[in-house]
Amino acid sequence: MLVTTTPQVEGKKIIRYIGLVSGETIIGANFFRDIFAGIRDIVGGRSGSYEKVLREAKETAVYEMQQHAASLGANAVVGVDLDYETVGSGGSMLMVTASGTAVVIEQ
C-alpha cells in the first residue's frame, strides 16, 4: 500500500476518498535504557537504543494505519502525519500516532 505525506500521488488520480484512518502504538521505555541514555546526555552523542525504540514505534503505528485503510478498501493513504507524545508517570512511555486519508487511486 502506498503511504505518502503529500495530499495526492503524482501521476495518479484519486478515484475515491474513503476517510480518516489512524494507527497508534504505545511502547514503554526500559529502565536500563534510561540509565544509559542519561549517561549519553552527560557525555554527548546519540542514544541508539532510544532511536531504535522510536523507529519501531513509528513502523508499528504506520502498519496499523495501513491495516485500517486496507480493511476499508483503500489502496493508498495520503496526507499522512506522525505525532509523538510521552505518556505515563514521568513520561515513561512513548506514544506514536499515524493518521491520514484512506483513498483509492487508479492503478
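Not measured: the values here are computed from a predicted model. Both backbone and side-chain heavy atoms feed into the values below; hydrogens, waters and symmetry mates do not. Index from 1, following the sequence.
Across Met1 and Val77, no two heavy atoms sit closer than the pair SD-CG2, 3.8 Å. Taking every heavy atom of both residues into account, Val104 and Ala74 meet most closely at CG2-CA, 4.2 Å. For the residue pair Ile14 and Pro7, the shortest heavy atom distance occurs at CD1-O, 3.9 Å. Among all heavy-atom pairs drawn from Lys12 and Glu106, the shortest one is CD-O, 3.4 Å.
Summarising the local packing, CD of Gln8 is surrounded by 12 or fewer heavy atoms from other residues, nucleotides or ligands at distances under 6.0 Å. In the displayed structure, Gln67 atom CD is contacted under 6.0 Å by more than 12 heavy atoms of other residues, nucleotides or ligands.
With Val78 as reference, Thr4 is the one residue of Leu2, Thr4, Val3 to meet the side-chain contact (heavy atoms from CB on, under 4.5 Å) rule.
Taken to the nearest 0.5 Å, the CG atom of Leu94 stands 11.0 Å off from the CD atom of Glu56. The CD1 atom of Ile15 lies 7.5 Å from the CG atom of Asn75; values are rounded to the nearest 0.5 Å.
In terms of hydrophobic clustering, with Ile, Leu, Val, Met, Phe, Trp and Tyr side chains grouped at heavy-atom distances under 4.5 Å, Ile18 and Val62 are assigned to a common cluster. Residues Val103 and Val9 share a hydrophobic cluster, clusters being chains of Ile/Leu/Val/Met/Phe/Trp/Tyr side chains in contact below 4.5 Å. Residue Leu54 is grouped with residue Val80 when hydrophobic side chains (ILVMFWY) are merged at heavy-atom distances under 4.5 angstrom, including chains of intermediate members. Tyr63 is not connected to Leu82 by any chain of hydrophobic side-chain contacts under 4.5 Å among Ile, Leu, Val, Met, Phe, Trp and Tyr, and they are in different clusters.
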Could you list the donor-acceptor pairs under 3.5 angstrom formed between side-chain atoms of residues 20-28 and any protein atom two or more places apart in sequence or on another chain?
from: Ser22; atom 1: OG; to: Glu24; atom 2: OE2; distance (Å): 2.8

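Put simply, the side chain of Asp83 never gets that close to the backbone of Thr97: no donor and acceptor are under 3.5 Å apart.
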